[in-house]
Amino acid sequence: MKSPFRIIYSLLLILLFAAVTGVMLGQFFPVLTLVLLVWSFYQAWLLVRTLRWIMNKDIEPPDLPGSWGDLLYTIYRKQKSSRDREQKLTAVIHRYQQSSAALEDCVVIIDTKDRLEWWNTAAETLLGLQPRVDKGKSILNLLRDPRFIRYYKKRNYHDPLELNSPINEQITLQYHITLFGQGDRLLVARDISRLKKLEQTRQSFVSNASHELRTPLTVIRGYLETFLDQPLPSPILRGMKQMEQQTQRMEGLVRDMLMLSRLESTEHLTEDMPVDIQLMLKEIKRDALVLSGDKQHRISIEVDPNYDLLGQDNELHSAFSNLVFNAVRYTPAGSEIRIVWHTDAQGGYLSVYDNGPGIEAFHIPRLTERFYRVDEGRASESGGTGLGLSIVKYVMVRHGGQLKIRSTLGKGSCFSCQFPADMLIALEKLATATDNA
Ligand code: ADP
C-alpha cells in the first residue's frame, strides 16, 4: 500500500508549480486560482467515478490514479475477502443444515418467543411440521399435548419427556430441549418405539413368569402346611420348615415382581381418589407391631390433620408400609420409629424416621435399584425381597413425587415421600363435598 498522504503531496506539488508559473508570468493569483479550479474539478470527477463504482459493486473497479486508485483497490480487496469469508460461512451452514436434515432425530430451533425458526425433514415426518407453512408459528400451537406444554414451560430440561408422536400413536418419541443463546431452544425428538417395545416385551415376560409361578407355589405351600401338621421325625420337620420359609420368600418375590411390573407399565396414575392418611398409617402401625413382635419397637404417628392425599390407595399403602417395615427389619429391638405426615406450601411429606444403625452415604443413591442390599446376609435373613424401595420409587413417580433418603451412620435414617402440592386435598373441602353429596 502506498502512502496515504499522496493526495496532499500532489496538491503541494501543484501549488508549487502554480506559484512558480504565476510568478514567472507576473500573474500569481489568477494562475493559482485557475490551477486550483482545474485540480478541484479533476478530483470531483475522480470522486464521481469512485461513487459510481461503490454504488454498482459488481463491476471491476476503474483504474484511477493516485490516492483514489489506492482507495478503490483497498475497498475492493476488503470486499473480496469478506465475500470469500461469507461464501465459506454459507457453505458451512449449508453443510450443517444438510447433515441435520439427514438426521433420523427431529431437530427444531425455536426462538425466544416460542416461534419455529428451523427444522429438519425428520421433524416433518415425526412431528407433522409443514415446510414453510409452519415457519414463525408458536410451537405450543402445534404440539398441544398438555404434558409437552408443561415440560416446555418448566425450563428445567434435565430429564427427557416421552410422548407419542402427534401424528402417529404407534410412534413413541423422547423429547429433549436445550436452551441456548438469549433463551432460544433446541428441541430434539428421538423415535424410541423399538426400545419401548423391547421394554414392554421384557415387562410382560417378567409379569407372565411371575403370574405362572403363583399357582405351583400355592400348591407346594398347601402340601407343606398339611405335612407340617403331621407328627414327623425331627430332621424331616426341620427340612420341611425351611422349605415352607423359602416358599413364603418366593411368594413374596413373585408378589413384588408382579407389583413392580404393574407399576412400570404406566408412568402416570389413570385415576386418583382421596386417601385417608390417618387411617392408613394406623393400619400400617398395627401390622408393623406384629412384624416387630418380641423386638418391641416403639412406633409413633404424627399427622397434619388438615390435609389428605390424592392417589391410589393400594399403591400408597404398599409404599408406606415398605418404609415402615424396613425400619422395623433393619433396626435393633426397642428402636424408635416415627411416622410423620406434614405439609407446607410446596407439598406433602410422609417421612419414616428411625434411630437405627443408619446407612453409609455411598449406598444411598443405589438403594432404589432392584435387589440392591446394604448387607446381603442380614437383608435376606430379614425376609425382604430386595424390591421394596424400587416399588416405593415407582409409586412416587406415578404420584408425581419423589423418594428422598437421608441417613447418618450410628444415628438413624429418614425415608421421605415428597408429594407435589396439587396432590393434596384439604380435609375441610372434602368434608363439604361429602356433606353436599
Ligand atoms: P429389602 O427387601 O432387602 O428390604 P429394600 O429395597 O426395601 O429391600 O431395601 C434395600 C436395602 O436398604 C435393604 O436391604 C437394607 O439394607 C437397606 N435399608 C432399607 N431401609 C433401611 C433402614 N430403615 N435402615 C437401614 N437400612 C435400610
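None of the values given here were measured: they were computed from a predicted structure. Just so you know, ligand 1 is whichever comes first in the structure, and atom 1 is the first atom listed for that ligand.
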Which atoms of ligand 1 have any heavy atom of [X] under 4.0 Å away?
| X | value |
| --- | --- |
| Gly386 | 1 (P), 2 (O), 3 (O), 6 (O), 8 (O) |
| Thr385 | 2 (O) |
| Gly388 | 5 (P), 6 (O), 7 (O) |
| Phe415 | 19 (C), 20 (N), 21 (C), 22 (C), 23 (N) |
| Val374 | 16 (O), 17 (C) |

Q.
Using 0.5 Å steps for rounding, measure from the CZ atom of Arg370 to the CD1 atom of Ile391.
A. 9.5 Å
Q: Could you tell me the separation between the CG atom of Leu186 and the CD atom of Glu117, rounded to the nearest 0.5 Å?
A: 11.0 Å
Q | Polar proximity ligand 1 side, Leu389 side, N/O cut 3.5 Å exclusive | A | yes
Q) Just distances here: any N/O of Tyr330 and N/O of ligand 1 closer than 3.5 Å? A) yes
Any [X] heavy atom less than 4.0 Å to ligand 1:
| X | value |
| --- | --- |
| Gly356 | no |
| Phe325 | no |
| Asp354 | yes |

Q) Which is it for Tyr372 and ligand 1 at heavy atoms under 4.0 Å: side chain, backbone, both or neither? A) backbone
Q: Report the part of Ile359 in contact with ligand 1, treating N, CA, C, O as backbone and CB onward as side chain, heavy atoms under 4.0 Å; options are side chain, backbone, both, neither.
A: side chain
Q. Would you say Ser100's side chain and Tyr96's backbone share a donor-acceptor pair under 3.5 angstrom?
A. yes
**Q.** Whether Phe419 and Phe320 hold their rings parallel, tilted or perpendicular, with breakpoints at 30° and 60°
**A.** perpendicular
Q.
In this structure, is the centre-to-centre distance between the rings of Tyr152 and Tyr175 below 6.0 Å?
A. no
Q) Should the pair Glu264-Arg398 be classified as a salt bridge under the 4.0 Å nitrogen-to-oxygen rule? A) no
**Q.** Lys113 and Asp111 ion-paired at < 4.0 Å
**A.** no
Q) Name the one of Leu253, Val254, Thr218, Asn208 that satisfies side-chain contact (heavy atoms from CB on, under 4.5 Å) with Leu213? A) Val254
